[in-house]
Chemist: 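Sending over a structure as structure tokens; questions will come in a sec.
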Amino acid sequence: MANKPSIPKGTRDFGPQEMLRRKYIFNTIEKVFQQYGYLPLETPAMEHLETLTGKYGEEGDRLIFKVLKRGAELERAMQDGGKSLAAEALRYDLTVPFARYVVQHQNELAFPFKRYQIQPVWRADRPQKGRYREFYQCDADVIGSTSLLNEVELVQLFDEVFLQLGLGVVIKLNDRKVLSGIAEISGQPDKVVDIVTAIDKLDKIGREKVEEEMRVKGVSDEAIARIAPLFALKGAWKEQRPQLEQWLASSTIAQQGLKDLAFVFEAAGQLKSAVLEFDPTLARGLDYYTGAIFEVKAAEGTLQSSICGGGRYDDLTGVFGLKGMSGVGISFGADRIYDVLLETGKFPAELRSSTRLLFANFGEAEALQCLKLVRAVREAGIAAELYPDKAKMARQFKYADDKDIPFVAIVGENELKQGIVTLKDMKSGEQRAVKEDELVATIRS
RNA sequence: GUGGAUGUAGCUCAGUUGGUUAGAGCGCCGGAUUGUGGUUCCGGAGGUCGCCGGUUCAAGCCCGGUCUUCCACCCCA
């Protein structure tokens, strides 16, 4: 019974220092979302199970955390053969709940509807580094517009966020239509998923294993041979484009995809800090992406997996009864961004606490005087606190040191008599007498 | 979901072929310094060796199970 307390697999506590850093990430992303005109949305942690199932593929369904029925309902379900023990489930991502929300509230929304959502999601995956069972997604989506300007805007949004976070990244771009075109050219358009999930692994396992995997999945040697030009692509987008146009000439869908990509590359223009790259092997989220596909990887640090994803999905709301609504969105993986920023030392140094001034406590009379000063300082917009107990100076200074508080105000018997404050700069160690009414101005300088 | 590693003080890790009171560094607490932290010196506290069971005269060490973390696959933020 007296076992050490613990938390479930793949979940984490976030201590104060960690939270200050996490909030820095969330705040940065949120600020940029708002700057780009996205509106906030929150949806419940739980959805009806049927809202979620079937939206993420077979693999996805397996990873949905189901919520057990309770009481008499559970009894009945168990007697019924235990087939439907759950009617609800924790959200798996933010996109499907968003689609559900849009359908439910379609008459109240102004389209194109741009929303952002920053909430945790849950997946019953086996945890690994950078992979958790509970983690935060920061999504921005536009629904009700087919314009490629949205894709352009999202690329610029990625760029802006990582510029502000000071992290070098590569934004990878592809288009589902190009992938469909490749399958079409191969002569086995019915094998798109198998072909595409195989070439998605190219940079990881190499050409030979990719071809082997396709063969295993039933792609003919002839089709594999027709895909070969993919491996011969050279250069960046500008050089790759003519090669792709030639190779995929007979596929109208591929040509459309290439045209769309060209528009995005051109309109996005020169990015501020991120690198925008075409990656024909990028194939995530096949279960609903239909146009653009995005992925962001850190250009620094050792985390190889992606830190953001996204793409366009035509008709995501269709399954909920609203047809013809195209949407495009992106998702920031805050937890992975945290890991990368920590590893690369990109967090601002002054994130340890918000307090700028600590009043030392010398006893009741002094403390009561400090209480007035604390109030005045706070009202002037400076975060300040009064040490609550009359403790040794060493303890109080150590407290300031631990919390990285830059200034300590000393108000003892002497100061009290003279109506002054001894202000110590914790970094330099210097201290000087300051009149009570000059305290705010001195800290500000 | 498949396969494989890992777990010793708050943290990072030692711990010999199984053998008496399980160690170090850092951190923490106290003192040198009753109005001064971050440096120095001295002292101290802190562990049912992840958990449960088994083998043995004897288990941190061997065996089984379980949980955690991590790695590969799968998939993905």
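The sequence lines fix the lettering, A, B, ..., with proteins before strands; numbering per chain opens at 1.
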Chemist: If you measure from the C1' atom in U68(B) to the same atom in C62(B), how many Å do you get, rounded?
Modeler: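 Those two atoms are separated by 22 Å.
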Chemist: Under 3.5 Å, is there a donor-acceptor pair linking the side chains of Y399(A) and E385(A)?
Modeler: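 Present: a donor and an acceptor within the cut-off.
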Chemist: How do D335(A) and T11(A) order along RNA chain B: which one's closest nucleotide is nearer the 5' end?
Modeler: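 Whichever sits nearer the 5' end wins; that is T11(A).
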Chemist: Tell me whether the side-chain N/O atoms of R395(A) come closer than 4.0 Å to OP1 or OP2 in C29(B).
Modeler: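 Yes, because at least one side-chain N or O of R395(A) sits under 4.0 Å from OP1 or OP2 of C29(B).
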Chemist: For the pair D335(A) and R12(A), find out whether any cationic side-chain nitrogen is under 4.0 Å from an anionic carboxylate oxygen.
Modeler: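 Looking at R12(A) together with D335(A), the answer is yes, because their closest N to O distance falls below 4.0 Å.
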Chemist: Run the salt-bridge test on K177(A) and D175(A) with the 4.0 Å N-O cut-off and return the result as yes or no.
Modeler: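 Yes, charged N to carboxylate O under 4.0 Å.
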Chemist: Could you go through nucleotides 31-33 of chain B and list every protein N or O atom that sits under 3.5 Å from one of its N or O atoms, giving the distance for each pair?
Modeler:
| unit_1 | atom_1 | unit_2 | atom_2 | d |
| --- | --- | --- | --- | --- |
| G31(B) | OP1 | K392(A) | NZ | 2.5 |
| G31(B) | OP2 | K392(A) | NZ | 2.8 |

Chemist: Are Q35(A) and E160(A) linked by a side-chain donor-acceptor pair shorter than 3.5 Å?
Modeler: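 Their side chains do not contain a donor-acceptor pair, so the 3.5 Å distance test is not met.
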Chemist: Ignoring backbone atoms, test whether K427(A) places a side-chain nitrogen or oxygen under 4.0 Å from the OP1 or OP2 oxygen of G37(B).
Modeler: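 So the side-chain polar atoms of K427(A) never come under 4.0 Å of the phosphate oxygens OP1 or OP2 of G37(B).
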Chemist: Under a 4.0 Å N-O cut-off, is there an ion pair linking E213(A) with K217(A)?
Modeler: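 Answer for the salt bridge query: yes.
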Chemist: Could you work out the separation of C13(B) and U17(B) based on their C1' atoms and round it to a whole Å?
Modeler: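 The answer is 23 Å between these two C1' atoms.
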Chemist: Please check if any side-chain donor atom of T422(A) sits under 3.5 Å from a side-chain acceptor atom of Q431(A), or the reverse.
Modeler: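 No, Q431(A) and T422(A) have no side-chain donor paired with an acceptor closer than 3.5 Å.
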Chemist: Does A72(B) have OP1 or OP2 under 4.0 Å away from a side-chain N or O of K204(A)?
Modeler: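 No.
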Chemist: Between C73(B), A77(B), G37(B), which one does the side chain of K424(A) approach most closely?
Modeler: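 Closest of the options to the side chain of K424(A): G37(B).
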Chemist: U36(B), OP1 or OP2 - any side-chain N/O from Q396(A) closer than 4.0 Å?
Modeler: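 Answer no for this pair, as no side-chain N or O of Q396(A) is under 4.0 Å from OP1 or OP2.
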Chemist: Does A77(B) have F135(A) stacked on its base, where the ring centres are within less than 5.5 Å and the planes differ by under 30°?
Modeler: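 Yes; by the centre-distance and plane-angle rule, F135(A) counts as stacking on A77(B).
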Chemist: Round to a whole Å and report the spacing from CZ of F362(A) to P of U34(B).
Modeler: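 Distance, rounded to whole Å: 13 Å.
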Chemist: Taking NZ, NE, NH1 and NH2 as the nitrogens, is one of them in E59(A) or R62(A) under 4.0 Å from a carboxylate oxygen of the other?
Modeler: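 R62(A) and E59(A): salt-bridged.
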Chemist: Which part of the nucleic acid, if any, lies within contact of K201(A), taking any heavy atom under 4.0 Å across all strands shown: a base, the sugar-phosphate backbone alone, or nothing?
Modeler: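 The answer is sugar-phosphate, as K201(A) gets under 4.0 Å only of primed atoms, P, OP1 or OP2.
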Chemist: In terms of side-chain geometry, is the basic nitrogen of K55(A) or E47(A) positioned less than 4.0 Å from the acidic oxygen of its partner?
Modeler: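 Result for this pair is no, no salt bridge flagged.
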Chemist: Could you write out each protein N or O paired with an N or O of nucleotides 7-12 of chain B at a distance under 3.5 Å?
Modeler:
none

Chemist: Distance alone, cut at 3.5 Å: any donor-acceptor contact between the side chains of N174(A) and Y289(A)?
Modeler: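 There is no such pair (donor and acceptor under 3.5 Å, judged by atom type) between the side chains of N174(A) and Y289(A).
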Chemist: Y92(A) ring centre to R123(A) NZ or CZ under 6.0 Å, with the angle to the axis within 45°?
Modeler: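 R123(A) over Y92(A) ring: yes.
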Chemist: Just N and O in the side chain of K9(A): are any of them under 4.0 Å from OP1 or OP2 of U68(B)?
Modeler: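 Answer is yes, contact under 4.0 Å.
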Chemist: Using a strict 4.0 Å threshold on nitrogen-to-oxygen distance, state whether E277(A) and K297(A) make a salt bridge.
Modeler: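 Looking at E277(A) and K297(A), the cut-off is not met.
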Chemist: Say we look at G4(B) and C74(B): how far apart would their C1' atoms be, to the nearest angstrom?
Modeler: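 To the nearest whole Å, 15 Å.
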Chemist: Has the side chain of D402(A) got a donor or acceptor that lies under 3.5 Å from a partner of the other kind on the base of G37(B)?
Modeler: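 Such a pair does not exist between side chain and base.
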Chemist: How does RNA chain B look in dot-bracket form if you count Watson-Crick and G-U pairs under 3.5 Å, write [ ] for pairs that cross, and put | where a base pairs with another strand?
Modeler: (((((.(..((((.....[...)))).(((((.......))))).....(((((..]....)))))).)))))....
